[in-house]
Asks: 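This structure is in structure tokens; I'll ask about it shortly.
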Amino acid sequence: MYHKTFIDKEKGFGLVASQNICVGTTVLNTNIMVASLDKTSMLSHCSHCFSETLSLKRCSKCKHARFCSLKCQKDSWPIHKMECSYLQFIPSSDTIPSLIRICALFMFSSNLKDEFEICDLCGHDDLIENEKIHDYYPFVLRGVVQLLKNIKSPCDPALVYDIYKKLVVNMFTLENDQLQCIGSALIPAASKLNHSCDPNCVITFEGRNSVIKAIKDIQSDSELTISYIPLPAPFMKRKEQLYQQYNFSCSCPMCFNQHLQKLDWLDNSDPYSLLHHKSESASFPKSETEAFNGLPLVSSSAVLSLTGIDRIHDLIELTEDHISSKNWKSALDTGLEAVPILRQYAHNYPSTGLFLAKIGKLYLEQDIGNLSKYKVNVGNALDLFYKSLECLCVSLSENHKLRSEVQNLYRNAQEVFDTINS
């Protein structure tokens, strides 16, 4: 076992390395306790194994759940039979948010409720201070009551709130093979991992398994961390999203340094020219440094200018927009601007590997009719596929579908390159 549990007064539970861990090591492989697909994904993904397929069989009773095989339907039945008993009264065209579905499931099932308590998940008692989270609770309560009323199942508001406040800060975004969000999942063992904006681990999904892998070398007794939000993202956006969704302000080394950078820029720069500031370092005001006394020190390599993070976020979005509109040349040009920043800021992230593979594929769409130019493009594509595999071989297990797909892209591009040069 590569980890051990600790309890911190402010963080609650956490995991630390029980030994030195090499980059690429699988730190934890654990089952998903319960999960719920979002409305769109329910039409295209199996409700049990979450694989995407065109041939899904709908549950004949509730008309909500869909399965890719008889085996998945049977394997899912111990949990689905409870949900099925009340979903059958809800029109299949109605959208039921994942949080409401999972909360209702725990309310209805005494076995799951007991298991939920055994997991001893932390819930924030101060959620009332967070207006967005607090104001969403009545909506969840009404939804749970609506689901359970047809089977006359008791619904104690105090118990619903207790479950809600634990779920809202412990649920994971469920992703498919292409790292796209398809729903929400509760994974108690993984919920003990705390957040960092510069994490040393990542979580991915393979069927009903979650896999946590080390994306850096980790020293024994160092805390194991993941990111609770999609990265990369600008400092202020991360700060806002973490507070709204999880009710805390991040004080990881990345945020600590970027916060002080921002203060330094506000003190010494024209506020209208902050986006053009190029300095890679900052002299931090003494008073602000003292205010963060006790936070871990970091090396300069952990600091990236706000300009870089803001820019990479915009470049990725613009690249995806160009790809969606099939504007291959603009997508390639914009994507190539993002690549060096992305590799610096998010090296070994699976999302980085996926992005590099996309840019490699764009090279193969350019100058197909010009042999000399196309040969150069294929060489560039090969280089990006190789760099993509460097990320994915660290962050994804050998059996992950995305890793296999990029390996095939690399082999095919190599064959084309060899043919052109023969």
Asks: Do Cys197 and Phe235 have side chains that get closer than 4.5 Å, going by heavy atoms?
Replies: no
Asks: Can you check whether Cys393 reaches Glu398 side chain to side chain, under 4.5 Å on heavy atoms?
Replies: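 Side chain of Cys393 against side chain of Glu398, heavy atoms only: no contact under 4.5 Å found.
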Asks: Relative to each other, are the rings of Phe248 and Tyr228 parallel, tilted or perpendicular (30° and 60° limits)?
Replies: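 The arrangement is perpendicular - the two ring planes meet at more than 60°.
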Asks: Determine, for Lys63 against Asp94, whether the closest basic-nitrogen to carboxylate-oxygen distance falls under 4.0 angstrom.
Replies: no
Asks: Closer than 4.0 angstrom, basic N to acidic O: yes or no for Glu83 and Arg101?
Replies: yes
Asks: Return yes if some donor-acceptor pair links the side-chain N/O of Ser395 with the main-chain N/O of Cys391 below 3.5 Å, else return no.
Replies: yes
Asks: Between Tyr161 and Tyr137, does the ring centroid distance fall short of 6.0 Å?
Replies: yes
Asks: Find out whether Ile163 and Cys103 are in side-chain contact, i.e. whether some heavy atom of one side chain is under 4.5 Å from a heavy atom of the other.
Replies: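 The answer is yes; the side chains approach within 4.5 Å.
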Asks: If you measure from the Lys or Arg side-chain nitrogens to the Asp or Glu carboxylate oxygens, is any gap between Arg343 and Glu390 under 4.0 Å?
Replies: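 Salt bridge: yes.
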Asks: Is any side-chain heavy atom of Leu231 closer than 4.5 Å to a side-chain heavy atom of Arg238?
Replies: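 Heavy-atom side-chain distance check passes, below 4.5 Å.
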Asks: Taking Asn176 for its side chain and Gln180 for its backbone only, find out whether a donor-acceptor pair lies under 3.5 Å.
Replies: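 Checking the backbone N and O of Gln180 against the side chain of Asn176, a donor-acceptor pair under 3.5 Å is found.
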Asks: Quick check: does any side chain N or O of Asn377 sit under 3.5 Å from a backbone N or O of Gln366, one acting as donor and the other as acceptor?
Replies: yes
Asks: So, Asn370 versus Ser372: side-chain donor-acceptor pair below 3.5 Å or not?
Replies: yes
Asks: Would you confirm whether Ser325, through its side chain, and His322, through its main-chain N or O, come within 3.5 Å as a donor-acceptor pair?
Replies: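 Indeed, once roles are kept as given, a pair shorter than 3.5 Å links the two residues.
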Asks: Might you work through the side-chain hydrogen bond (donor to acceptor under 3.5 Å, both in side chains) test for Thr26 and Asn29, ending with a clear yes or no?
Replies: CA-CA 7 Å; Thr26 299; Asn29 190 326; over 6 Å; no
Asks: Can you tell if the side chain of Val406 reaches within under 4.5 Å of the side chain of Tyr410, non-hydrogen atoms only?
Replies: no
Asks: Which pairs with one or both residues in residues 348-360 pass side chain to side chain donor-acceptor pair (under 3.5 Å), sequence neighbours excluded?
Replies: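 Passing the test, one end in residues 348-360: Glu320-Lys358.
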Asks: Is Asn200 reaching over with its side chain to a backbone N or O of Thr225, donor-acceptor style, under 3.5 angstrom?
Replies: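 Here the side-chain-to-backbone pair exists.
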Asks: Phe13 ring centre to Lys192 NZ or CZ under 6.0 Å, with the angle to the axis within 45°?
Replies: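 So Lys192 does make the cation-pi contact.
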Asks: Could you list the residues that satisfy ring-ring contact (aromatic ring centres under 6.0 Å, His included) with Tyr374, not counting sequence neighbours?
Replies: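 Partners of Tyr374 by the ring-ring contact (aromatic ring centres under 6.0 Å, His included) criterion come out as none, since no residue qualifies.
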Asks: Check whether any side-chain heavy atom of Asn31 lies under 4.5 Å from a side-chain heavy atom of Asn209, and answer yes or no.
Replies: yes
Asks: Would you say Tyr386 has more than 12 foreign heavy atoms packed within less than 6.0 Å of its OH?
Replies: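 Not buried by this count: 12 neighbours or fewer within 6.0 Å.
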Asks: Answer yes or no: is there a donor N or O on one side and an acceptor on the other, between the side chain of Ser92 and the main chain of His64, under 3.5 Å?
Replies: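 Not at all, since once roles are kept as given, no pair shorter than 3.5 Å links the two residues.
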Asks: So does Arg66 get a backbone contact from the side chain of Ser47, meaning a donor-acceptor N/O pair under 3.5 Å?
Replies: yes
Asks: Testing the 3.5 Å rule here: is there a donor-acceptor pair between the side chains of Ser330 and Asp333?
Replies: no
Asks: Side-chain donor-acceptor contacts of residues 70-81 below 3.5 Å, not counting sequence neighbours, with atom names and distances?
Replies:
residue: Lys71; atom: NZ; partner: Asp75; partner atom: OD2; Å: 2.7

Asks: So, does Thr419 use its side chain to make a donor-acceptor pair with the main chain of Glu415 at under 3.5 Å?
Replies: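 Side chain of Thr419 to backbone of Glu415, a donor-acceptor pair under 3.5 Å: yes, one is there.
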Asks: Once rounded to the nearest 0.5 Å, what's the spacing between atom CG of Leu193 and atom CD1 of Ile187?
Replies: 10.0 Å
Asks: Please answer whether the main-chain N or O of Val27 pairs with a side-chain N or O of Thr25 as donor and acceptor at a distance below 3.5 Å.
Replies: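 Not confirmed, Thr25 side chain does not pair with Val27 backbone.
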Asks: For a side chain to side chain contact (heavy atoms under 4.5 Å, CB included) with Leu224, tell me which candidate from Ile21, Leu28, Ile212 qualifies.
Replies: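 Result: among Ile21, Leu28, Ile212, Ile21 is the only option passing the side chain to side chain contact (heavy atoms under 4.5 Å, CB included) with Leu224.
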Asks: Ignoring hydrogens and angles, tell me if any N or O in the side chain of Thr334 forms a donor-acceptor pair with the backbone of Leu315 under 3.5 Å.
Replies: no
Asks: Show your reasoning for whether side-chain hydrogen bond (donor to acceptor under 3.5 Å, both in side chains) applies to Gln178 and Glu405.
Replies: CA-CA 10 Å; Gln178 298 301 312; Glu405 288 177 358; 2.8 Å; yes
Asks: Quick one, Tyr164 and Leu99 - any side-chain contact, counting heavy atoms below 4.5 Å?
Replies: yes
